[in-house]
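These notes are about the structure you will find just below.
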Amino acid sequence: MLSDAEDEEKWLAEGIAGLQHNAFYMHRALDANNIRDALKYSAQMLSELRTSKLSPHKYYELYMRSFDELRKLEMFFKEETKRGCSVIDLYELVQHAGNILPRLYLLCTVGSVYIKSKEAPAKDVLKDLVEMCRGIQHPVRGLFLRSYLAQISRDKLPDIGSEYEGDADSVVDAVDFVLQNFTEMNKLWVRMQHQGPVREKEKREKERSELRDLVGKNLHVLSQIEGVDLEMYKETVLPRVLEQVVNCKDELAQYYLMDCIIQVFPDEYHLQTLETLLGACPQLQPTVDIKTVLSRLMERLSNYAASSTEVLPEFLQVEAFAKLSNAIGKVIEAQVDMPIVGAISLYVSLLTFTLRVHSDRLDYVDQVLGACVKKLSGKAKLEDNKATKQIVALLSAPLEKYNDIVTALKLSNYPRVMDHLDTGTNKVMAVVIIQSIMKNTTAISTSDKVEALFELMKGLIKDMDGTPADELDDEDFKEEQNSVARLIHMLFNEDPEEMFKIICTVRRHILQGGPTRLPFTIPPLVFTTLKLVRRLQGQDGDVAGEEVPVTPKKIFQLLHQTIEALSSVPSPELALRLYLQCAEAANDCDLEPVAYEFFTQAFILYEEEIADSKAQVTAIHLIIGTLQRMNAFGVENRDTLTHKATGYSAKLLKKPDQCRAVYACSHLFWVDDQDGIKDGERVLLCLKRALRIANAAQQMANVTRGSSGPVTLFVEILNKYLYFFEKGNPQITSKAIKDLVELIMTEMQSDNTTSDPSADAFFASTLRVRVSLSLSLQHKRNHNNDNRNRQLQPQIVQRWNRQESASIKHSALDYASLIRMLGKHGMPNVAMQLFNGMTSASVLPRYATLSALMLCYADNGLFLDAQAMWSEIINSSFVPEIEVISDLMDAYGKMGHFDEIRRILHELTSRDLGLCPEVYSLAISCFGKLGQLEMMEATMKEMVSNGFKVDSFTGNAFVKYYSVFGSLTGMEAAYGRLKRSRILIEKEAIRAIASAYIRQRRFYKLGEFLRDVGLGRKNTGNLLWNLLLLSYAANFRMKSLQREFLRMVDAGFSPDLNTFNIRALAFSRMSMFWDLHVSIEHMKHENVAPDLVTYGCIVDAYLSRRLGRNSSFALKKMNVDRHPLVLTDPIVFEVFGKGDFHSSSEALLESTRQKGLTYSKLIAIYLKKQYRSNQIFWNY
Amino acid sequence: MASRRRMLLKVIILGDSGVGKTSLMNQYVNKKFSNQYKATIGADFLTKEVQFEDRLFTLQIWDTAGQERFQSLGVAFYRGADCCVLVYDVNVMKSFDDLNNWREEFLIQASPSDPENFPFVVLGNKIDVDGGNSRVVSEKKAKAWCASKGNIPYFETSAKEGFNVEAAFECIAKNALKNEPEEEIYLPDTIDVVGGGRQQRSSGCEC
């Protein structure tokens, strides 16, 4: 048995066949001017429309075909009348058709010609036709016939200014005609539901719905009649249409036609007839979805109001708000069964309308909110997700409009509406409010407003009833609390007294937050309070006789109590930091006892609460740092605190920690201010104590590991010595420093098995500092310090000697590597002294040493010295190594000394050391690298004219640098030259050229180039093909992309990761999900592992279509447990950029260093992020 | 007979709601313009006689509903179109972005025999608004899109001012004329001298 759909297809096919058959004969008759046959066959053709077997959709297809054929017939009729045939006769003639439906179609067709001929008044013909059509009472056939009538009469209505307007014909007739046709059609349409068996009711309703536009189109025609002015609309059109709508008592028709009226007629008309239109609403069937109708009306009117300020008076004049508000109230009242979400969405529409039209009337806004509260009152918190979304929209609208929470705070009903939200949504709304404040940097400047605001966002501030805390998502919670923190920072008032009130208000609220929230909210409050303290700091002189309401003392008291609240968390580390901050502020206010008290609190916490050894280390350093900056303390207080700090330092768990804390304490006795304490002796005591501890640590390491520990501690202490030495502490002698340096060197030597490169580097840079230090001190002091430098150099040499001889069996000493190291560390002076020392010790410098020294000079910008060295080398019997020349040229090049490069080139080539081609090649690369294309070109010419053959490397480099720095034309010319020299272009140059084309987005050219290179080439791997695919993908030429991909495979290349990713990126950007899936499957089949880019293609494609949830469909085919990697050729990103997922994941990978991240985790994080940002910026 | 068929050129105007499809048609056919927005329901057409190379043609211009909910019967009227006009509002990015959908939808539904070469014309309407200051789609961007779709002719128009409307429709007519009609050549199985040889299928009622 055939299904309904197949059945229908069959019927339609038969209908079409019959139609075509008769149309064929009709055409023949038309060509033969045989009017009788033409009418006969056209009638038979139209008989196909008598079927009852087709659904409206299929019937419409058949109708359209007939319609097209009838146009030809109509043209024929027109020609006939021109040839003298009477149109009246034709009008009579067609009525002989046997069946009524074909007869009426033909009649309408001739009628069209009749009106056009103007042999009778249009209105008479129209009237006749619209009456005649009553003959068809079958709904589907009748509706289509009448829609045919509407269409052929469409441009022949006696409208104002139309050629059919005349004495006898006026726009009233036109309107009458259309209204009559509309009425008849609506009746047919409504009646349809009662015809046929009850069990097919659903199908019938669906069919009726399909037919709706045939009826609605009449309203469109009415709206297009120019003569329907406001007057006529108000007096005739709207009342008659509404009468029909109300009286038909059919839900579908009422809903649809109300929508049509609103959409097809202009806004001005609606405004002026608002009462009539709204008056019809309560008369509609109770099941009609009036809220959508009204929402659409308000949306239209809102847009109209927003279109121009000139139209606003119209709204006021007709009291649009009152009427709409009233109508909505009535509808909500009348439709008791309307779900709550419906009512709220009506209020949202009304609010949007109000904000657009009456943005100055806050009372209206509040009134709407109030009405909403009334509707919600007596109901429990909303559970309906859609309804809460609507409420969020309702509450967000005023924020968006006024960009100012302060305005919203004036709305008395605003918090009441919020109270009806469930806890989760309440929080979302609170975050929206905070974001609005952030975005607009709204100043909340009085405690009253702060009070109201915090009351509004209490969902974020404290636990609401019945929310189990563990249900909260940790990350969400953090973000919420961070936004509260940001908000606290925003609060400000110029007046300290008011600011203090604000702070007290905030404090009162946040202290209710409980242990989970306090660590987020207390710090911003403390810092905001401290800001106030700093403002008062200057003006704190007690004004005699005047009561100062807010004093720093009072504020510090409050701070003390605030921080104390953290003990309930408990969070001793945080509290300790805050106490120290307060201590510092108190110090700056010169309140010694207060500062001392805060320090005491900090120490108590340290003693009693902070148990973890790492936390202790951090805490003690914080304490030392803060204490060092204190200047308000008297000797006694200071001593007490210093003593404690030093004591705790020496009691830390690990020796290295002890050592570091103790030498840090040395700063407590030497403050580098004018009146700072300067107790050199106690400084030295600290440092000595630190040394002892370091020693002990070293020995302990010896025992436990069988080798010495790192010497870093000693080097650190050395740095302290150097610091205090520089600051002029007389207790620190140069001898002490020298001893320490020697100690370190010995330690390092014995340490050669476990040499720590970072310690070496640290030591080297410490020495470097010392060189500069001793130089700068030379003329400051007349000590014997100046020879320290000289002492140092033999030390280094000595140490080097020892090491060298120890590790490598060397007969002669090689200073080259030492000099190189010094050069790299920017110590050419030391290198020079070393060299001088060498020569004075009559060690014969070897070539390697000379060249190392030369490079050391050149790298450090000492060009004259470098030149001298160069001359020495070139004039000696040494043949310079090509690497050295290369380094030297690079060094000059970096500094822009191109002439030097040319000079070296000439010196070398003129000597003919057998190095010429290499040297030319070097120079060419060197110029090229620096973008000096002209010099590169000149060198190339010179090379060729001197008879040297350009090798592949040089040729390729030449092309490459043209691509990087030159114009496309220059590049193409260079490539042409390469080809003429019969040098094969290599990978690097190909990439450079491709990159240049990509930069200019000349993808077609790129393709041409690749074909020119030869896609068959095998020794470049997939590079050429991948670039070709890229060139198509760049322009999203998907067909070509596919074609070339197949060709690539045909040519025997197996696609690699790049190939797949290029395609995947193109598919992804084009949202071609199917192709993307197929490509992933293919990849799997080829055993090509996807990388981050591939995953990104999928994630981005799905998210861009808001299908994030569905991405797992594609991802499940891939292994998501791998560690994420990017293996794609970066040139791909030059075309496509990096996808959202790709770049955001890369940032994450870089920042977290979290091990064990997998694709699945990355995706989860990313989706969450996206989801969150969507959630926050809900777009209603 | 081809000649009669060719005297009628069918043009379909598509585009988002509110871009000015009806206004463009009204301006071209009736030289009238109204600032008021009135939605179109279903499909509606106006005709206009045009002269081209000494021949008269009837341009049948189909205006369509931009809002999907007013297109309940589907798009059977696309059938036999000679040219499709895609309209967007230069001040509304989305209307431009949607052109691709309209074009594809048309090609799928009308399924012309040679979709690659089916004539489209793109109109960027409302260039008069705010003296061009509120415009968000540049001419360059629109032209680039047109070029990428096989060099679709592009016009910037203002239905309000009547700017470029005539020129655009001239081009539309020219392109419609160029479109080789897919003649559905119908040949009856047997030439039936008597006519009406197919048996009449009776339907439910006698109307």
Side-chain angles (χ1 to χ4, degrees), chain A residues 14 18 20-25 27 30-31 37 40-41 44 47 50-53 56-57 60-61 63-65 67-68 71-72 75-76 99-101 135-138 141 151 154-155 161 209-214 216-217 219-221 223-224 226 259-260 263-268 300 1035-1036, chain B residues 1 3-5 7-8 10 17-18 22 26 29-30 32 34-48 58 60 63 65 67 69-80 100 116 148 184-189 191-192 195-207:
Chain A
E14 270 187 30
Q20 283 177 330
H21 179 90
N22 288 304
F24 175 82
Y25 287 106
H27 290 171
L30 293 180
D31 292 344
D37 274 3
K40 183 177 103 189
Y41 286 111
Q44 281 179 18
S47 289
R50 294 169 61 213
T51 178
S52 306
K53 290 174 173 143
H57 255 106
Y60 186 45
E61 252 179 72
Y63 165 87
M64 271 318 298
R65 284 172 186 262
F67 185 92
D68 287 344
R71 298 283 65 68
K72 289 159 203 165
M75 257 181 244
F76 172 77
N99 282 311
I100 180 164
L101 188 71
I136 304 295
Q137 287 297 322
H138 182 276
R141 293 198 284 272
Q151 183 63 62
R154 166 79 169 83
D155 52 356
S209 180
E210 285 175 8
L211 289 165
R212 63 180 189 255
D213 284 348
L214 296 180
K217 195 176 156 190
L219 299 180
H220 164 73
V221 172
S223 79
Q224 294 290 326
E226 222 192 336
D259 190 19
C260 280
Q263 296 301 323
V264 299
F265 291 107
D267 305 285
E268 298 94 308
R300 260 207 84 156
N1035 277 336
F1036 299 107
Chain B
M1 178 177 159
S3 72
R4 185 171 283 119
R5 164 73 174 83
M7 286 172 70
L8 195 79
K10 185 169 177 180
S17 165
T22 309
N26 273 339
V29 177
N30 299 325
K32 281 177 185 162
S34 154
N35 229 344
Q36 302 161 330
Y37 170 68
K38 302 170 188 169
T40 302
I41 294 184
D44 180 27
F45 77 75
L46 289 180
T47 56
K48 174 149 171 138
T58 304
Q60 193 182 64
D63 176 27
Q67 299 185 51
R69 68 175 192 277
F70 294 129
Q71 201 69 270
S72 67
L73 268 173
V75 290
F77 61 90
Y78 285 1
R79 203 185 140 270
N100 211 25
E116 299 268 320
S148 75
E184 277 182 45
I185 297 168
Y186 175 83
L187 284 176
D189 304 339
I191 302 292
D192 189 346
R198 293 172 76 253
Q199 72 190 77
Q200 293 289 322
R201 282 165 291 115
S202 67
S203 58
C205 82
E206 268 311 305
C207 59

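Residue numbering restarts at 1 for every chain, and letters A, B, ... go by the order of the sequence lines.
In this structure, the portions of A/Gln263 lying under 4.5 Å from any heavy atom of chain B include both its backbone and its side chain. Only the side chain of B/Thr22 has a heavy atom closer than 4.5 Å to any heavy atom of chain A. Using a 4.5 Å cut-off between heavy atoms, B/Asn26 contacts chain A through its side chain alone, with no backbone atom that close. With a threshold of 4.5 angstrom between heavy atoms, A/Phe67 approaches chain B through side-chain atoms but not through N, CA, C or O. Residue contact with chain B, scored on non-hydrogen atoms closer than 4.5 Å, involves the side chain of A/Arg154 exclusively.
Side-chain contact between B/Tyr37 and B/Ser17 is present, with heavy atoms from C-beta onward closer than 4.5 Å. Counting only heavy atoms from C-beta outward, the side chains of B/Leu8 and A/Lys72 never approach each other to under 4.5 Å. With a 4.5 Å cut-off on side-chain heavy atoms, A/Leu214 and B/Leu73 count as touching. Contact check for A/Tyr25 versus A/Lys40: no side-chain heavy atoms found under the 4.5 Å cut-off.
With sequence neighbours excluded, the residues forming a side chain to side chain contact (heavy atoms under 4.5 Å, CB included) with A/Asp68 are A/Met64, B/Lys10, B/Arg79, listed by chain and number. A search for salt bridge (charged side-chain N to carboxylate O under 4.0 Å, His left out) contacts involving A/Asp155 returns nothing, not counting sequence neighbours.
Counting heavy-atom pairs under 4.5 Å between each of B/Asn30, B/Asp44, B/Leu46 and chain A puts B/Asp44 at the top. Chain B forms more heavy-atom pairs under 4.5 Å with one residue of A/Glu61, A/Arg212, A/Gln151 than with any other, namely A/Gln151.
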